[in-house]
Amino acid sequence: MFENLQKELDDLEARGLRRICRQVEAVEGARIRMDGRWLLHFSSNGYLGLARHPAVVAAAEEAAARYGTGSGSARLIGGNLPPHEELERELARFKQAEDCLLFSTGYMASLGIITALTGPEDLVVGDRLNHASLIDACRLSGAALRVYPHSDADRLEEVLKERRGRYRRAMVVTEGVFSMDGDLPPLPRIAEITRRHDAWLLVDDAHGTGVFGEQGRGSLEHFGMETKEILQMGTLSKALGSQGGYLAGPRAAVELLRNRARSFIYTTAPAPACSAAALAALQVVRREPDLRRRLWENVRRWTSGLEGLGWDLISKTSPIVPVRVGGNRETMALAKALEEAGLYAPAIRPPTVPEGSARIRTSLTSLHTAGDLEEALGAFKKCLQTS
Ligand SMILES: Cc1ncc(COP(=O)(O)O)c(C=O)c1O
């Protein structure tokens, strides 16, 4: 009965596209142990190392002891626990928005936001490199979906000019920092075009939050933008070291989501320990700007080191530093060689990225020391000599 599934798996294997989840035996600082070996860890989105920060861990432990390990029911049924309400208030303040709603993951935030705010009479226009959760949400919403070339604001404007008038609502969707490319879109221009064409702007700042801007508020702060009318979505699972998703934005939008977002309504509230951890992480982001300074110093050292060795970087503007390879098999071979040389960084292949653009995605954290980076550059140097 399941034979054709095996064929599908064999086909993935043959094309160099089979994926597996590796077993992680331990993590310590910027090192990860797999198959009995400690490797330099260049695959974490925990940009500030907060998942292990003592204040964040203590907040999670205390919330679990006080409120239990699970929330027990959906919030519209069982109510809010204090960590949910406090985190929503704090996130709204941090993102300079009127209100905020938590979801159990960033993926669920995408689904809930886009499907509740748009439907078959509406238009959604998205960047070609948007994250899978945004694409899935657009499809599920039933809205007409148009895609513009990556970061191409002129093309976005043409689409809106041509099509906006035919629809009830229009929403433009982009990431604040692109998860597999590490670059930022021209957000001020996109916001201006969006406003002029009477459309909403949804910015998924999963990778910008905690990292960009003087206060770590994210990509909008980085560009010095007014936040009031922007729908700011994000995840708690990256720089904030926890788990959960959110939308921060105008009160009416957030209140409508409380009533209409199915991935909020029909699921159990986030575990109180996760919300308490994220709340503590936000306080650390405010209290310890040094973490961010260290992270950016690492980004500078790493990108100039890799370029000095002759590697082709897809971008060097964020802690996500993808090294261009191209073919799937070559990329897998490079990932393997790097691992043999002591460095763990994932090979990213289609369908996560377009065909022919496979890459090694390295990501920096504030936990990497200057010595770690030197050692990691040594691994890349070794692979260059053998590739
Ligand atoms: C851009 C982007 N949006 C959304 C998500 C989903 O967030 P979560 O992991 O909290 O589901 C991710 C990563 O997982 C992401 O990279």
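Read the numbers this way: they start at 1 and go in the same order the structure lists the ligands and their atoms. Side chains are part of it too, since the values below use all heavy atoms of this structure and drop only hydrogens, waters and symmetry mates.
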Requested in this report: Any ring pair (Phe, Tyr, Trp, His ring centres under 6.0 Å) involving residues 236-285? Give me the pairs, sequence neighbours left out, ordered by first then second residue.
Outcome: none
Report summary line: Among non-hydrogen protein atoms, atom 14 (O) of ligand 1 lies closest to K238 NZ, 3.0 Å
Report summary line: The protein heavy atom nearest to atom 7 (O) of ligand 1 is G106 CA, 3.4 Å
Report task. Among all protein heavy atoms, pick the one closest to atom 9 (O) of ligand 1 and tell me residue, atom and distance. Result -> S237 OG, 3.5 Å
Report task. Check whether the ring centres of F212 and W296 lie less than 6.0 Å apart, and answer yes or no. Result -> yes
Query raised in the report: Does any donor atom in the side chain of H150 or D127 lie under 3.5 Å from an acceptor atom in the other side chain?
Result: yes
Query raised in the report: Which residue, R324, M180, R349, forms the side-chain contact (heavy atoms from CB on, under 4.5 Å) with R359?
Result: M180
Report summary line: For A206, the ligand 1 atoms with a heavy-atom partner under 4.0 Å come out as 1 (C), 2 (C), 3 (N), 15 (C)
Report summary line: Of F103, Y107, F178, the one whose closest heavy atom lies nearest atom 6 (C) of ligand 1 is Y107
Query raised in the report: Is there a donor in the side chain of H222 and an acceptor in the side chain of E214, or the other way round, less than 3.5 Å apart?
Result: no
**Report entry** Co-members of I32 in a cluster of I, L, V, M, F, W and Y side chains, linked at under 4.5 Å
**Finding:** V24, V27, M34, L39, Y344
Query raised in the report: Does S133 come within less than 4.0 angstrom of ligand 1, counting non-hydrogen atoms of the residue?
Result: yes
Query - Option passing side-chain contact (heavy atoms from CB on, under 4.5 Å) with W302 (candidates L306, V299, N298) - result: L306
Query - Per-atom contacts of ligand 1 with T235, taking only distances under 4.0 Å to non-hydrogen atoms - result: 7 (O), 8 (P), 10 (O)
Requested in this report: Could you tell me which atoms of ligand 1, counted from 1 in the order shown, lie closer than 4.0 angstrom to a heavy atom of H207?
Outcome: 1 (C), 15 (C), 16 (O)
Requested in this report: Could you check atom 5 (C) of ligand 1 against the protein and tell me its nearest heavy-atom contact, residue, atom and distance included?
Outcome: H131 CE1, 3.5 Å
Query raised in the report: Hey, looking at atom 2 (C) of ligand 1, which of L111, D204, D205 has the closest heavy atom?
Result: D204
